[in-house]
4 protein chains.
Amino acid sequence: MSEENNIFDYLLNENEKVTEKQRRIIEAAVEMFAENGYAATSTNQIAKRAGVAEGTIFRHYQTKKDLLLNIVSPMMAKIIAPFVIKDVHKIMDTPYERYEDFLRAIILNRQEFFKTNINVFKIFIQEIPFHPELKEPFIEHVVKKVSEKFALVVQHYQERGQIINLPPKAVIRFTMTVIIGYIISQHVIFSEKDGNHEEEIEQTIQLIMHGLHPKEH
Amino acid sequence: MSEENNIFDYLLNENEKVTEKQRRIIEAAVEMFAENGYAATSTNQIAKRAGVAEGTIFRHYQTKKDLLLNIVSPMMAKIIAPFVIKDVHKIMDTPYERYEDFLRAIILNRQEFFKTNINVFKIFIQEIPFHPELKEPFIEHVVKKVSEKFALVVQHYQERGQIINLPPKAVIRFTMTVIIGYIISQHVIFSEKDGNHEEEIEQTIQLIMHGLHPKEH
Amino acid sequence: MSEENNIFDYLLNENEKVTEKQRRIIEAAVEMFAENGYAATSTNQIAKRAGVAEGTIFRHYQTKKDLLLNIVSPMMAKIIAPFVIKDVHKIMDTPYERYEDFLRAIILNRQEFFKTNINVFKIFIQEIPFHPELKEPFIEHVVKKVSEKFALVVQHYQERGQIINLPPKAVIRFTMTVIIGYIISQHVIFSEKDGNHEEEIEQTIQLIMHGLHPKEH
Amino acid sequence: MSEENNIFDYLLNENEKVTEKQRRIIEAAVEMFAENGYAATSTNQIAKRAGVAEGTIFRHYQTKKDLLLNIVSPMMAKIIAPFVIKDVHKIMDTPYERYEDFLRAIILNRQEFFKTNINVFKIFIQEIPFHPELKEPFIEHVVKKVSEKFALVVQHYQERGQIINLPPKAVIRFTMTVIIGYIISQHVIFSEKDGNHEEEIEQTIQLIMHGLHPKEH
DNA sequence: GATGAATGAGAGTTCATTCAT
DNA sequence: GATGAATGAACTCTCATTCAT
């Protein structure tokens, strides 16, 4: 699963003709963009860290922004992955009995992904507001499509009386918000790689599910 | 309340000797930092937007970073404000009967603050990961102190059996996470000034409270 | 007359706010563009020759091309000058008895101009084919307008039976061609500042006039 | 005659071992140098237009300048061609009765040459001022030798009273100037491939001959 | 012979900052 | 206090050239 999720492997295996140098450039860029931000990282620094000439970067990526987009764009496909039709169908065909189970399955699935790609994710989150090329497809393809699929799932469980009867949009926002908020709080405030993440994630799941428990008072 | 919360007024009234030009510099810098990011905004651009000479900026702020810190630092005092001892005591002395009420009071209080200072808040969120001068006092003074105070509040309501008996840290994280996540989702994805924010915030509050409802199953 | 014709004075007096450094930049750029060509001259070289920092160039001229255009554009107004309506009217009102006299007046008038601005003229000639921004207004304003006025003059003398009855366009092309060809041959082949230019120019005039003598055989 | 004059054929047939790729490189380089200038054309652009790898250029020509010189040097031999001793002897042995006939013969002979090699000629004219390697042999071998031969021709007709008794140098300069000026005016100002060139050239010839008509007034 | 990845010097340009006015 | 010309370091990016394959 690690390999399947790892953005490096995705990036670098997809396209067969990837040089060793190109790999080192991507690696260095990811590290430095995550650490200092895209705008505050110079191509000179990247080249030095990657152990290549500065010109080499521009042989593979036409501009610095190109490099950023090459790193960050696959994120979207990956984020969206578990919501691709066949997967959701799979979910629906062998349905989790409870929303709780569905949620746990999704989060555990994404958890590995976030762990593996925490740096790329940081960059993604940081740069999205400043690049329309990133923002527009993100809203169009990720937010909208995931919302649609997710809405179906939510309705599925709402019809079974398992979760609260708020508008699906609000339910989704709440669910996502807690998850994303959790991840961002990690990266913005603590940037820690230690800590008992599993337990905290489990608590988070519990709170979400509790929050969505159908009202009976 | 608006005035009391507005960071500009805070910034600009505190220090009596604030010239018209200085005000325009701050205003321009806030707009541009929020729009394009700190690193991608040049002092030249700020000067032009503010209608002052580039040198004037450096007469008031020794470096560009100084300007950033001057804009963003008061945020911390402001964020922390409602949790300052006397205020919490006030809360506790005339206690809200339910955690729900406490939460709503806090959020309504902060809501105006976020609305008024959305741009400064954006900058704050964006730049915190890259500036230790910002990050350290934020964790030390904001996160830690607010957590401590908040923990007392949480315990207060836990003792009264109103909210779930998870570790206060988890309860706080959940509460904050939902709120912060909500705001960030606004700013990252939609950056919209329209929309029925009041209703969405109320839904969010409902979900938080529900999520923290003590288990009885 | 020298002052009136000198492009530097034109350039630098027109706009009152011209720094000493700016003057040195223009001077250095003209020398180096003429010597090595625009594309083969680096802004670094110009800065060094001018004794200023490289950044200073870009404070005054937004791009290197801007610098070129600033040097070369006034050429057009200057070239066109003697053909501006009032001047031609003046010529026609106190008409030169012979085309020969008109020609000599024009050439003597331009001679000083070419001498004084030989370097700018070199640059102009060299760069015109590669810059549409230069080429289009040159054809539109210089070639066309001068041709129109010149055609009137030619017809004037043709009607008086002084010059050959070829289409004015051909007469003009011939006259201009000889003059321009003369100057270019100087600059391309000899780039000499010595030599008995006056006599050679007089011979050139003689040959033009002779060539245009009405056929009587 | 076309083949005899075409510089490509000259260039490419001379040396038997000219690959297809080499041909494409020369072709591409000529087009781009003529269009954008030597200094403003990158070897990368040439390689792309030629459909070869950048390295291939340097396999055939050690430097970019080498490529230029290889394109442009044969021009000299070609320009000089009709004045090479045996040819002039041929001219003198079967002498044209009038200078007019000689001139027309030369120009018609050169006309085809210019048409066929207009691009190489453009490059030649453009680059001569900036490359001593080009300029010196041009003056030494082309200008001087052609002048000498031409002077003999001029004296030949002057002795027969057919052309004006100015110094041969002036006569030559005038003749050449009109022709070169004509071509340059085409390339600098109009770069047109349409238009009735034949007629215009004939007019030009007429004007030259007329200009050189011995004075009889 | 041909390739194209790699280079590092140097291109034009922008930058935060200084300082004389 | 305010200016804006000046700076030079640093930026992104391009260049002609090399060389292992």
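Predicted model, so just to flag it, every value in this text is computed and none were measured. Chain naming here is simple, since letters A, B, ... match the order of the sequence lines and numbering starts at 1 in each. Note: hydrogens, waters and symmetry copies are ignored here, and every other heavy atom, side chains too, is used.
The residue among D/Glu20 and B/Thr41 whose nearest nucleotide of DNA chain E lies closer to the 5′ end is D/Glu20. Nearest-nucleotide positions on DNA chain E for A/Thr56 and B/Ala40 put A/Thr56 closer to the 5' end. Mapping A/Glu54 and B/Lys21 onto DNA chain F via the closest heavy atom, the residue that lands nearer the 5' end is B/Lys21.
Atoms CD1 (D/Ile57) and C1' (F/dT18) sit 14 Å apart, rounded to a whole Å. The separation between D/Asn36 atom CG and F/dT14 atom C1' is 15 Å, rounded to whole Å. With rounding to whole Å, B/His60 atom NE2 is found 7 Å from F/dG1 atom C1'. One atom, CD1 of A/Ile25, and another, P of E/dA5, lie 12 Å apart when rounded to the nearest Å. C/Lys64 has its NZ atom 12 Å from the C1' atom of E/dG10, to the nearest Å. Protein atom CD of C/Gln62 is 13 Å distant from nucleotide atom P of F/dA5, rounded to whole Å. Look at CZ on B/Phe58: it is 10 Å from C1' on E/dT18, rounded to the nearest Å.
With salt bridges taken as basic N to acidic carboxylate O contacts below 4.0 Å, none links C/Arg24 and C/Glu27.
In the region residues 44-53 of chain D, proximity to DNA chain E at under 4.0 angstrom, judged on heavy atoms, holds for D/Val52, D/Ala53.
Both tests pass for A/Lys64 against the ring of A/Tyr38: distance under 6.0 Å to the centre and angle within 45° of the axis. A cation-pi arrangement is absent between C/Lys122 and C/Phe33 under the rule of less than 6.0 angstrom and at most 45 degrees off the ring axis.
In this structure, A/Arg59 reaches the E/dA5 phosphate: one of its side-chain N or O atoms is under 4.0 Å from OP1 or OP2. OP1 or OP2 of E/dA16 sits under 4.0 Å from a side-chain N or O of B/Thr43.
How far CG of A/Leu68 is from OG1 of A/Thr41: 10.0 Å, rounded to the nearest 0.5 Å. Between D/Ile46 atom CD1 and D/Leu67 atom CG the span is 5.5 Å, to the nearest 0.5 Å.
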* Could you please spell out the steps behind the side chain to side chain donor-acceptor pair (under 3.5 Å) verdict for A/Lys21 and A/His60? => CA-CA 10 Å; A/Lys21 306 242 172 192; A/His60 295 292; over 6 Å; no
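D/Pro132 and D/Pro137 get closest at one heavy-atom pair: O-CD, 3.8 Å. Residues C/Ile25 and C/Ile57 come closest through the heavy atom pair CD1-CA, 3.9 Å.
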* Structure fact -> Writing each nucleotide of DNA chain F 5' to 3' as (, ), [, ], | or . by Watson-Crick or G-U pairing under 3.5 Å yields .||||||||||||||||||||
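Contact annotation: the side chain of D/Glu127 approaches that of D/Phe130 to within less than 4.5 Å [non-hydrogen atoms, C-beta and beyond].
Contacts of A/Ser42 with the nucleic acid, taken as non-hydrogen atoms under 4.0 Å apart, involve only primed sugar atoms and P, OP1 or OP2.
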